Structure formats: C-alpha cells, structure tokens
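Structure first, commentary second.
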Amino acid sequence: MISPAEIRLRAERLYLTFLQSWLRAETFQPLSWPAGRVSENLLTARNEVQQLLAAEKKTASLGYRVESRVQQTRALGTQTLPVRIWLDSPADFLHLIEKEQEFASFCQDVALMRASLPQLANWVEHSPRKLLDWHADWEKLLLVCRYFLEHPRPDLYIRELPINVHTKFIEQHQGILRDLLDHLLPPTAMRLDAPTFQQRYGLREEESMARVRFLADQLRQRYDLPFDDLSVPCSQLAATDFSGQTCIITENKLTFLTLPRIPGAFAILGGGFQVSNLANVPWLACCPIIYWGDLDAQGFQILSQLRSIFPHVTSLMMDTATLHAFAEFRVPGTPCRARQLPYLTDEEHSLFVQLAAETSRLEQERISQAYALAKLQECLLT
C-alpha cells in the first residue's frame with residue numbers, strides 16, 4: 001500500500017508541471033493515485049492503513065484525502081480499505097509538499113517580470129525552475145536586461161555600465177543573464193560564436209597582453225622606443241607592423257630573457273596555449289616564425305595550435321637529437337590523452353606520441369646555453 005512519504009514524493013515530481021499549468025492559467029485538475037494493494041498480513045495491513053489515515057487531511061485542514069471502500073479480501077475478510085488518494089485543490093497540493101511560501105514568492109516574481117519585461121513570458125513558462133532558483137535577484141536581473149535592450153552592445157566595461165547593481169553582480173550572474181539576454185535580444189545584438197560573455201554582448205574586456213623583446217636595435221629605433229622589452233595589448237601589437245622581421249616565440253621566461261642579440265629579430269613570450277591570441281596579429285603571417293617550446297606533449301600541442309594559425313612556423317630544439325642529448329634531465333610530465341595532432345611533421349608527431357605515452361618532459365631551461373645558441377644559429381641560417 002502507498003505510504004504518506006510516497007504520496008509526497010509523487011506530488012513533488014509534479015511541482016514544475018503545476019507551475020507551468022498555473023502560468024498558462026489552466027484550471028487545476030485534482031490529482032489522484034491508487035492506494036495500492038493491502039498486505040495479506042493482518043498486523044502489517046492495519047499499520048499501513050493507520051499510517052495512511054493518520055496523515056490524511058482533517059476537516060478544515062489541507063493535504064491529501066483518502067477514498068475508502070468496503071472490500072472483501074481473501075486474507076482479511078470484509079474490510080473498509082483505502083482505494084485512492086486525492087489532492088483536491090492547489091492549496092492541498094502545495095501544503096502537502098510544503099511549497100506554499102515558495103509558490104507565493106514565485107507569483108510575486110512572475111508579476112514583477114510580467115510588468116517589467118513581458119517578453120519573458122515564454123521563457124518563464126519553459127524555465128520555472130530558474131525563476132525559483134534566482135528569487136532573490138529578479139529586480140536586479142531585470143534592470144540589467146532592460147539596459148541591454150535599450151543599449152545593445154554598449155562597448156563599455158562591466159564596471160562602467162550605468163545600472164543600479166553592484167559592480168560584481170553581472171560577473172556573478174553571467175549564466176542566468178546569458179539565458180535571459182539570448183531570449184530577449186535580437187540576433188544583431190549578439191555574437192553567438194563569441195567565447196566570452198563580454199564579447200557575446202558587446203562589452204569591453206581586459207585584453208590579452210603580449211610580451212615582446214627586441215633582439216635588434218633597429219626595430220626599437222624605428223619606433224623611437226626607449227626600451228627593448230615591453231608588454232602590450234594584442235590589438236596594439238597588431239597595429240604595429242614588424243613584417244619581414246624574424247619572430248622567435250619561447251615558452252620559458254628565462255630563455256626569452258637570455259636570447260642573444262639577433263639582427264632583424266624580436267621575441268614573444270608565448271604564454272602556453274594563449275599563443276592562439278596571436279591570431280589577432282595578422283602581419284605575423286609575413287614574418288619567419290621560430291617556436292621553441294618544452295619537449296613534452298603539451299609543447300607539441302601548442303606547436304600544432306600555432307601552426308594552425310601560421311603554417312610556416314619552424315620548431316626549434318623540439319627533436320629527438322635534443323631529447324637524447326639531455327635525456328638525464330627529463331622529469332615526469334603532465335598526462336595528455338591526445339594521440340593525434342594535425343599540424344606536426346612526421347618526426348615531431350612521432351616524438352609527441354612517445355612523450356605523451358611516457359608522460360615525460362624536457363624543459364627548455366634544462367638545455368645548456370651553448371647548445372641552445374648553436375641550434376638557434378643553425379635554424380636562422382636555414
């Protein structure tokens with residue numbers, strides 16, 4: 001026989017359906033379930049029936065109602081037994097699952113949303129759970145939504161937006177705001193392929209920086225700079241054309257700082273997988289590019305990523321000879337599940353597979369300066 005706990009569980013499963021029906025202004029239909037078969041053991045049957053009736057709503061109270069009927073049973077003889085459970089009204093339903101206060105808050109939020117942004121009516125019907133989850137924040141969320149409707153793609157930093165919410169509110173609520181704005185805004189106000197919230201809705205964000213070191217005085221002098229090592233936003237680097245000059249990209253800061261003076265060359269500190277930011281520097285396609293990464297699986301992943309942008313990239317000291325020459329300095333590496341990379345040479349790919357399988361690495365700074373300078377010179381001459 002069904003228990004009071006099972007009745008409540010079945011009712012709880014219908015809560016969101018109840019909310020959606022209420023949003024559509026549909027008349028509540030009483031809910032009911034079979035009471036189930038009574039146990040053939042007299043003592044067990046008596047306990048089941050007593051528990052069910054004890055939790056039943058009484059006169060002028062709320063909860064479920066038990067429909068009983070006189071029945072003839074083989075084991076128990078003639079008995080008056082429960083046959084069906086009923087929830088007759090929304091009040092009974094909400095009382096049983098202890099959602100009366102939550103539903104009252106839900107109604108308030110729906111009224112606020114309908115008055116402020118009726119365009120969200122369809123969204124609410126499909127997402128009542130989200131309306132409940134963000135109950136404490138709807139006034140502020142709607143303020144933000146109205147601002148973006150009135151000022152699409154504002155080209156401001158989040159901190160600059162003239163909205164009466166604290167400066168971290170939008171950052172902390174990006175998930176729900178994205179859901180709402182995608183529903184509200186026209187396609188022209190969004191970049192659906194953008195990787196960040198700011199780019200998606202036309203906000204400014206902190207730019208990726210590129211650290212550049214001039215390895216020859218003529219480049220520094222050409223731009224009348226009093227320094228040869230600087231960090232600049234990628235957009236500013238893109239606006240400064242070094243076409244034709246040799247670019248050396250290293251992953252290790254110490255190797256970056258100890259690169260020798262080289263006529264017509266400059267260096268960029270790679271920053272691991274952030275090398276993809278260099279795709280925003282189109283004139284690099286007109287520069288010879290040398291990439292010097294760690295001899296490990298991740299180093300080859302970065303090399304492949306960089307070659308997907310600039311196919312002419314030459315790798316430096318990422319070969320079997322270098323690995324063997326400094327084999328005593330190999331250390332455990334970072335696990336890598338990948339076993340296929342599309343932009344490596346055959347030799348590079350073979351070494352990548354080996355290092356990924358062994359989970360080992362040879363870091364740039366383990367290679368002697370004399371060896372590195374000799375290999376760099378060879379690379380520059382080819």
Side-chain angles (χ1 to χ4, degrees), residues 8-9 11-26 28 90 93-208 273-274 276-277:
R8 173 168 176 156
L9 183 60
E12 286 175 340
R13 290 171 180 162
L14 296 173
Y15 183 45
L16 293 183
T17 302
F18 167 81
L19 295 178
Q20 291 171 319
S21 178
W22 179 86
L23 287 165
R24 293 190 292 266
E26 296 174 351
F28 179 82
F93 174 75
L94 293 167
H95 178 79
L96 178 67
I97 62 176
E98 298 181 357
K99 296 291 188 182
E100 293 152 304
Q101 185 56 53
E102 184 176 89
F103 179 66
S105 298
F106 179 83
C107 294
Q108 292 173 4
D109 291 337
V110 170
L112 174 66
M113 188 169 289
R114 285 173 173 172
S116 180
L117 282 175
Q119 304 97 309
L120 286 172
N122 189 55
W123 179 90
V124 175
E125 185 177 323
H126 287 87
S127 307
R129 179 76 262 170
K130 293 178 182 178
L131 194 73
L132 295 169
D133 290 342
W134 298 99
H135 164 63
D137 298 305
W138 278 112
E139 286 191 11
K140 295 176 181 177
L141 289 169
L142 293 174
L143 280 176
V144 175
C145 289
R146 283 203 304 272
Y147 176 82
F148 276 90
L149 273 172
E150 295 166 4
H151 306 88
R153 306 197 67 79
D155 193 29
L156 297 171
Y157 288 102
I158 288 176
R159 185 178 179 84
E160 295 180 295
L161 295 173
I163 308 173
N164 190 26
V165 297
H166 67 76
T167 54
K168 288 189 176 292
F169 181 84
I170 294 177
E171 293 175 3
Q172 294 168 349
H173 294 77
Q174 286 187 14
I176 183 64
L177 282 170
R178 176 170 172 160
D179 209 9
L180 294 166
L181 293 174
D182 280 1
H183 182 84
L184 288 167
L185 296 176
T188 54
M190 298 180 285
R191 271 190 52 206
L192 297 179
D193 61 339
T196 68
F197 182 89
Q198 288 88 340
Q199 293 171 19
R200 191 179 187 89
Y201 303 113
L203 293 164
R204 293 185 184 181
E205 62 182 339
E206 181 182 358
E207 270 200 72
S208 299
F273 291 97
Q274 294 183 24
S276 60
N277 293 326

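Since the model is a prediction, treat every value here as computed from it, not as a measurement. Just the heavy atoms: all of them, side chains too, but no hydrogens, waters or symmetry mates, feed the values below.
- Checking side-chain atoms of H126 against main-chain N and O of N122 turns up a donor-acceptor pair under 3.5 Å.
- With sequence neighbours left out, the salt bridge (Lys or Arg N to Asp or Glu O under 4.0 Å) criterion links R153 to no other residue.
- Expressed to the nearest 0.5 Å, how far CG of L180 lies from CZ of F148 amounts to 12.0 Å.
- Heavy-atom contacts from other residues, nucleotides or ligands closer than 6.0 Å to CG of D193 number more than 12.
- When the salt bridge (Lys or Arg N to Asp or Glu O under 4.0 Å) test is applied to E139, no partner is found at least two apart in sequence or on another chain.
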Could you walk me through whether Y201 and L177 pass the side-chain contact (heavy atoms from CB on, under 4.5 Å) test, one step at a time? CA-CA 11 Å; Y201 303 113; L177 282 170; over 6 Å; no
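- From L16, atom CG reaches atom CG of L131 across 11.0 Å, with rounding to the nearest 0.5 Å.
- Counting heavy atoms of neighbouring residues, nucleotides and ligands inside a 6.0 Å radius, atom CD of E26 exceeds 12 of them.
- Around the CD atom of E102, the shell of radius 6.0 Å holds more than 12 heavy atoms that belong to other residues, nucleotides or ligands.
- The distance from the CH2 atom of W138 to the CG atom of D109 is 8.0 Å, given to the nearest 0.5 Å.
- Taking all atoms of both residues into account, the shortest heavy-atom contact from Q198 to I158 is NE2-CD1, 3.8 Å.
- When all heavy atoms of M190 and L181 are compared, the closest pair comes out as SD-O, 4.0 Å.
- What you find for Y157 and E206 is that their closest heavy atoms are CE2-N, 4.1 Å.
- The two residues A11 and F93 have their closest heavy-atom pair at O-CE1, 3.3 Å.
- Put simply, NE2 on H166 and CD on E171 are 10.0 Å apart, with the number rounded to the nearest 0.5 Å.
- Closest approach of L120 to H183, counting heavy atoms only: CD2-CD2, 3.8 Å.
- Distance check, rounded to the nearest 0.5 Å: CZ of R204 to CG of L156 gives 6.5 Å.
- The environment of CZ in R159 is sparse: at most 12 heavy-atom neighbours from other residues, nucleotides or ligands sit within 6.0 Å.
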Test log, rule side-chain contact (heavy atoms from CB on, under 4.5 Å), inputs W22 and F28: CA-CA 8 Å; W22 179 86; F28 179 82; over 6 Å; no
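- Taken from NE2 in H173 to CG in L141, the straight-line distance is 6.0 Å, to the nearest 0.5 Å.
- Between the Q20 side chain and the E125 main chain, a donor and an acceptor come within less than 3.5 Å of each other.
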